[in-house]
Asks: 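The structure follows.
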Amino acid sequence: KHFKNFDELRAAAKKILINRKAELKLCLKIFKIIENAEIAVHGEIHELHELGSVDTLIDVIGAAISLPKGKKIFSVPIAVGSASPAVLEIAKQNKISLLFRKSEHELCTPTGAAILAASAFFTQKTFIPLSIKYSSGTFPIPGYMRLMEVEDYGKK
């Protein structure tokens with residue numbers, strides 16, 4: 001399935017989350033953050049390309065369902081490599097600090113940035129994590145740990 005616009009993405013989320021009002025509210029907030037960034041970058045929204053993939057719907061609904069309810073979520077600044085204009089716009093509009101890392105690759109997608117913008121409090125302070133969530137990204141970026149390596153690290 002490919003969604004042509006944000007209205008189609010929102011309609012699909014409403015259908016899937018028909019009995020989950022809190023999760024739907026977060027999904028709609030995330031989609032609005034992405035849509036606002038796209039409008040700022042492109043002036044208007046044409047037919048969606050990568051953002052119109054079913055992956056975007058799965059990522060947003062998955063985040064909305066899996067994020068703990070009633071608890072504050074904290075994040076350090078978002079690490080970016082070759083940040084997309086949409087990620088930069090999301091950071092600008094939502095006053096999110098970015099941490100630029102030397103990488104030719106996109107370390108954070110617009111969808112990932114929007115999920116954090118909609119759900120997390122950002123801090124420069126150090127803290128001890130109580131719970132950790134990992135993305136399902138699989139692209140191997142030299143010099144960065146992959147999910148499997150993180151899981152293995154925790155077993156040592």
Asks: Answer yes or no: is there a side-chain heavy-atom contact under 4.5 Å between Leu88 and Leu98?
Replies: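 Of all side-chain heavy-atom pairs linking Leu98 with Leu88, at least one is under 4.5 Å.
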
Asks: Do Val76 and Leu99 come close enough that some side-chain heavy atom pair is under 4.5 Å?
Replies: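 Heavy-atom side-chain distance check fails, nothing below 4.5 Å.
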
Asks: Minimum heavy-atom separation for Ala64 and Leu26, please, with both atom names.
Replies: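 Closest heavy-atom pair between Ala64 and Leu26: CA-CD2, 3.8 Å.
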
Asks: So how far is it from Ile61 CD1 to Leu9 CG, rounded to the nearest 0.5 Å?
Replies: 9.0 Å

Asks: Given the rule in the side chain to side chain contact (heavy atoms under 4.5 Å, CB included) test, do Phe122 and Leu116 qualify, once you have shown the distances and angles that lead to the verdict?
Replies: CA-CA 9 Å; Phe122 288 85; Leu116 285 171; 3.7 Å; yes

Asks: With a sphere of 6.0 Å drawn around CD of Gln93, does it hold more than 12 non-hydrogen atoms of other residues, nucleotides or ligands?
Replies: yes

Asks: Restricting to non-hydrogen atoms, name the atom on Gly112 and the atom on Thr109 that form the minimum distance, rounded to 0.1 Å.
Replies: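 Between these two residues, the closest heavy atoms are N-OG1, 3.0 Å.
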
Asks: Do Leu67 and Ile73 pass the side chain to side chain contact (heavy atoms under 4.5 Å, CB included) test, and can you show the C-alpha distance, the side-chain angles, and the key distance before you say yes or no?
Replies: CA-CA 8 Å; Leu67 289 170; Ile73 299 165; 3.7 Å; yes

Asks: Any idea which heavy atoms bring Val87 and Pro110 closest together, and the distance?
Replies: CG2-N, 3.5 Å

Asks: Are Phe74 and Ile96 linked, directly or through other ILVMFWY residues, by side chains that come within less than 4.5 angstrom of each other?
Replies: no

Asks: Looking at CG of Leu107 and CZ of Arg101, how far apart are the two atoms once the value is rounded to the nearest 0.5 Å?
Replies: 9.0 Å

Asks: For the atom pair OG1 (Thr111) and CD (Glu50), what is the distance rounded to the nearest 0.5 Å?
Replies: 10.0 Å

Asks: Quick check: are there more than 12 heavy atoms from other residues, nucleotides or ligands sitting under 6.0 Å from NZ of Lys69?
Replies: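 Count over threshold, so yes.
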
Asks: Donor-acceptor pair, Lys21 side chain versus Leu17 backbone, under 3.5 Å?
Replies: no

Asks: Verify side chain to side chain contact (heavy atoms under 4.5 Å, CB included) between Leu57 and Phe31, making sure each step is shown before the conclusion.
Replies: CA-CA 9 Å; Leu57 183 67; Phe31 287 139; 4.1 Å; yes

Asks: Consider only side-chain heavy atoms of I, L, V, M, F, W and Y, link residues closer than 4.5 Å, and tell whether Ile90 and Val41 are in one cluster.
Replies: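 Shared cluster, no.
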
Asks: Looking only at atom types and distance, does a side-chain atom of His2 sit under 3.5 Å from a main-chain N or O of Leu48, one as donor and one as acceptor?
Replies: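 Answer holds: yes.
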
Asks: Kindly determine whether Thr56 and Phe3 satisfy side chain to side chain contact (heavy atoms under 4.5 Å, CB included), including the steps that lead there.
Replies: CA-CA 10 Å; Thr56 301; Phe3 302 96; over 6 Å; no

Asks: To the nearest 0.5 Å, how far apart are CZ in Phe6 and NZ in Lys32?
Replies: 9.5 Å

Asks: So, Asn5 side chain and Asp7 main chain: donor-acceptor pair closer than 3.5 Å or not?
Replies: yes

Asks: Within this structure, what is the SG-CD1 distance for the pair Cys27 and Ile65, rounded to the nearest 0.5 Å?
Replies: 7.0 Å

Asks: Is there a donor-acceptor pair closer than 3.5 Å between any side-chain N or O of Ser119 and the backbone N or O of Ile115?
Replies: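 Flag set: sc Ser119 to bb Ile115 pair under 3.5 Å.
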
Asks: Can you give me the closest heavy-atom contact between Glu106 and Ser82, atom names plus distance?
Replies: N-OG, 3.5 Å

Asks: So, does Glu8 use its side chain to make a donor-acceptor pair with the main chain of Lys4 at under 3.5 Å?
Replies: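 Yes: the side chain of Glu8 pairs with the backbone of Lys4.
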
Asks: Mind checking the CG-CD spacing from Leu28 to Glu23? Nearest 0.5 Å is all I need.
Replies: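 Answer rounded to 0.5 Å: 11.5 Å.
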
